Each structure stands twice: as structure tokens, then as C-alpha cells.
Colleague: 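If you scroll down you'll find the structure; I have some questions about it.
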Amino acid sequence: MQRFVYADNSATTSLAPDVLEKMMPYLTKEYGNPSSLYSFAAKPKMAVEHAREQVAKAINARTNEIFFTAGGSESDNWAIKGVARAMKAKKGKNHIISTKFEHHAVLHTLDALKKEGFEVTLLEVHENGLVRPEELEAAIREDTALVSVMYANNEIGTIQPIREIGEICKKHGVIFHTDAVQAVGNVHIDVEADHIDLLSMSGHKFHGPKGVGALYCRLGVLPQNLIDGGAQERGRRAGTENVPGIVGIGAAIERAVATIDERAERLSKIRDHFMDEALKIERSRVNGDRVHRLPANVNMCFEGVEGESLLLLLDANGISASSGSACTSGSLDPSHVLLSIGLKHEVAHGSLRLSFGEETTMEDADYILSVLPGIINRLREMSPLWDRIKREEAEGKKA
Ligand SMILES: *Cc1c(COP(=O)(O)O)cnc(C)c1O
């Protein structure tokens, strides 16, 4: 039987069986609407509030600073559009600072705000995939309403200097949002110590269910509503609560945060072993800083290889991987993240992202390593680009 290796945990994760078990009653017999007043609705209502406590505790927030949403994308949209519009209405502030390599849930939200008249500055992330705090500080203006910098990048896994960024924002009185969808459950987050005002997360990235997320919003920070309607979530996010989903995100975040250290230690060993071995393939490189990096993220380029073909051949060997974010696959443009760290188009096309997870073993990594060099050779044999690279190499040696 062929081996199956799932190495795309940054795209989504499995629903943990113990999380599903906690959700089950709310998918079946406990179907009451938490907003109803009769006693049949008491249990679902309590379950939602318990999940709110679990989420708050995981990031050192207060329970009334947590709002449930339909996922990471909604949380990003709400935080950014809500704060920008509120700050414009109240204080005439019109400027937003973010980075070139945010998730599209942030970048496309900023594009929408530009059409409303906002000005956006996107910071460089340099060849190591890290924002430089001094460049952020220099970009802050009198009319800066919001800074939005992701906690950890979804493609190259680089972890930003969040605390320094938070301190700078606090010093200048600018609201600070972070898309922490990739970081929650993988690194320790403390919204107080890091001076974070708003933080986005998504259940399905840490073994919870899909279609449920949360936004942490510091007391006193008042983004405009994104979803108007009923009085759910203290009047700030309308819609009947996704009770099973909310129970799931609460249970999932609690179990993820409890095992961060042991998982980081185990997975960073697998990651480093993988990268060291794969770097033995000629004309390969690791993308993004190797130290300030999510414990389970591998992102590499192999010159003269086309990422999509590489994925298909890995898939034929039972391996699920990615060459960028799931949202961009299917388009022929190379990843904006890889371009933002200065890769040439042709190099960025040959990228491979592996995101390991709690189910990944060293044997899985070794299995991928056992098939990868052969696949790359095969693709290079058919590649006119590789021909050219080798010809230029030979000419370079002669000269
Ligand atoms: C997955 C992801 C999102 C989107 O989250 P959804 O819950 O799928 O909407 C946003 N930002 C980052 C960094 C992500 O990895």
C-alpha cells in the first residue's frame, strides 16, 4: 500500500477526534438558540461562553475581548475595515500601514479600502522575510489609523518581531492588528505583553472545525461592525452563533496551547533535518529566516523546476504539499510572498511548501526525502530552463 503523507497543515488541519466529541452534542440534541430565554437554550449559551473563556485564556485576553466570527478571513476584514472606517469617521485618519507579504484576506481588504479613499503603505519584508521595526516607525504619520502586520507568514513561516512592533504602535498611539492565524497554537501569544489591540485567528488551522474564527479586540478599541443584524456577540457581530463551531474552536485552542512546547521541539527537529537534507539537491534554497520561523514550516525553491508539476508528482507518491497558499494555486503568477523576499519569477515558480503538524513523524519526512530528488531530476530533464541554467553555469566556468 502506498504511504499517505499530509504536509499541508498551513492550508488546513484535521479535526481532532476529542474536539469533534465535544462538538457532537451541539450538532445533535443541544440545538437550542443561545439567544432564546427558555431553559433549553441555557446549555448552548453556556457552551459558547465557556469557549470564549478558553480562547481568551490562550492569548492572555479578557473574555469580553473575544468575538466569534466565521473564520480568519472575516476576522481580518472586520478588524481592518472596522478600525479604518471608525478612525476616519471619528478622527479623520486616513492611512494604514501593512506589509507586502500579508495573506490575501488582508491585502485584498486593503485594496477595497483604497477604493474608499484610504492610503496604504506596505512595508518591505527583505530577503529574510522579516519586517524591520525601525522602518515601521519611520512610516507612521499623523494620520495613521492602523498598523496590520501578520504574526507568522503562511507561506515562508517567518515570525515577525511582534512585541517591538506593538511597542512602537503603543508609543505612537496607533492601533495594532495582527493576523495570527498561522501562529495561534504554534507559538505562545500574549496580547498584553505584545501590545496587540486586535488579533485574528481561525479554528481549522489548529485542529478545530472550518468556518469558525475569533477576533480579539482590546477593551476600548471599537471597530465599526462588519455584519449588521441581531444583537449577538454583544451587538458587535450579528448572526445566530455557530455553537458547534464555537465549542470546537474553544476545545481546539486549549489542547493546542497545552502542547506548544513539546510540538515545537519535535517538529523543529523534523523541519531542520528535512531542510538540511533537501539542501543537498543542487541549486536549492530555503526561503525565509531559518531561526525566526514556525517550527513546522519548510519553504524551499528548486531552480529549473515548475512548482505545479512538482506538486502533481508528489501527489502521485501520496504526498499532499503546496507551492504557495491554496488561494493562489491555480493561478500562474508566482507567489507574492516569494516575490516580496526578492526572488526572481523563474526561481519563485519552483517553490515547495511543506507544513508539518502534530501527526507528522520523522519517517514521513524521510519518505518525502526518499522521493523528492528523483522527482526533481525528472522535471529538470524535461526543463528548457534547467538546460539554460546548466549552459550558463558551464560558460561561467570557462570565462
Ligand atoms: C488560512 C489563513 C487565513 C484565512 O483563514 P480562513 O479561516 O480560512 O478564512 C488568513 N490569514 C492567514 C495567515 C491564513 O493562514
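Quick caveat, the model's predicted, so the values are computed rather than measured. Indexing begins at 1, ligand by ligand and atom by atom, following the structure's order. Quick note: numbers below take in every heavy atom, side chains included, and nothing from hydrogens, waters or symmetry partners.
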Colleague: Looking only at distances, can you tell me whether any N or O atom of Gly72, backbone or side chain, sits closer than 3.5 Å to an N or O atom of ligand 1?
Modeller: yes
Colleague: Nearest protein heavy atom to atom 9 (O) of ligand 1, by residue and atom, and its distance?
Modeller: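 The answer is Ser73 OG, 2.7 Å.
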Colleague: Nearest protein heavy-atom contact for atom 11 (N) of ligand 1: which residue, which atom, what distance?
Modeller: Asp179 OD2, 2.7 Å
Colleague: Distance to 0.1 Å, residue and atom name: give those for the protein heavy atom nearest to atom 3 (C) of ligand 1.
Modeller: His103 NE2, 3.6 Å
Colleague: With distance as the sole test, does Asn60 use its side chain to make a donor-acceptor pair with the main-chain N or O of Ala56 at under 3.5 Å?
Modeller: no
Colleague: Could you work out, for atom 7 (O) of ligand 1, the closest of Ala180, Ser355, Ser202 by heavy-atom distance?
Modeller: Ser202
Colleague: Do Arg266 and Glu262 touch side chain to side chain, with heavy atoms closer than 4.5 Å?
Modeller: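 When only atoms from C-beta onward are counted, Glu262 and Arg266 do not touch, as no gap falls below 4.5 Å.
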Colleague: Report the part of Lys205 in contact with ligand 1, treating N, CA, C, O as backbone and CB onward as side chain, heavy atoms under 4.0 Å; options are side chain, backbone, both, neither.
Modeller: side chain
Colleague: Without hydrogens or angle criteria, can the side chains of Glu102 and His336 be said to hold a donor-acceptor pair below 3.5 Å?
Modeller: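 No, because no side-chain N or O of Glu102 sits under 3.5 Å from a partner of the opposite role on His336.
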Colleague: Would you say the side chains of Ser36 and Asn33 form a donor-acceptor pair under 3.5 Å?
Modeller: no
Colleague: Spell out, as yes or no, whether a donor-acceptor pair under 3.5 Å connects the side chain of Arg293 to the backbone of Gly288.
Modeller: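 Indeed, once roles are kept as given, a pair shorter than 3.5 Å links the two residues.
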Colleague: Could a heavy atom of His204 be found less than 4.0 Å from some atom of ligand 1?
Modeller: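 Heavy atoms of His204 do come under 4.0 Å of ligand 1.
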Colleague: Taking Ser200 as the fixed residue, which of Asp179, Asp76, Thr178 is the one that meets the side chain to side chain donor-acceptor pair (under 3.5 Å) rule?
Modeller: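 Only one of Asp179, Asp76, Thr178 forms a side chain to side chain donor-acceptor pair (under 3.5 Å) with Ser200, namely Asp76.
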Colleague: Could you tell me whether Gln182 and ligand 1 have an N or O pair separated by under 3.5 Å?
Modeller: yes
Colleague: At a 4.0 Å threshold, what atoms of ligand 1 neighbour a non-hydrogen atom of Gly71?
Modeller: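 Counting from 1, the qualifying ligand atoms are 7 (O).
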Colleague: Between the side chain of Ser14 and the main-chain N/O of Ala16, is any donor-acceptor distance below 3.5 Å?
Modeller: no
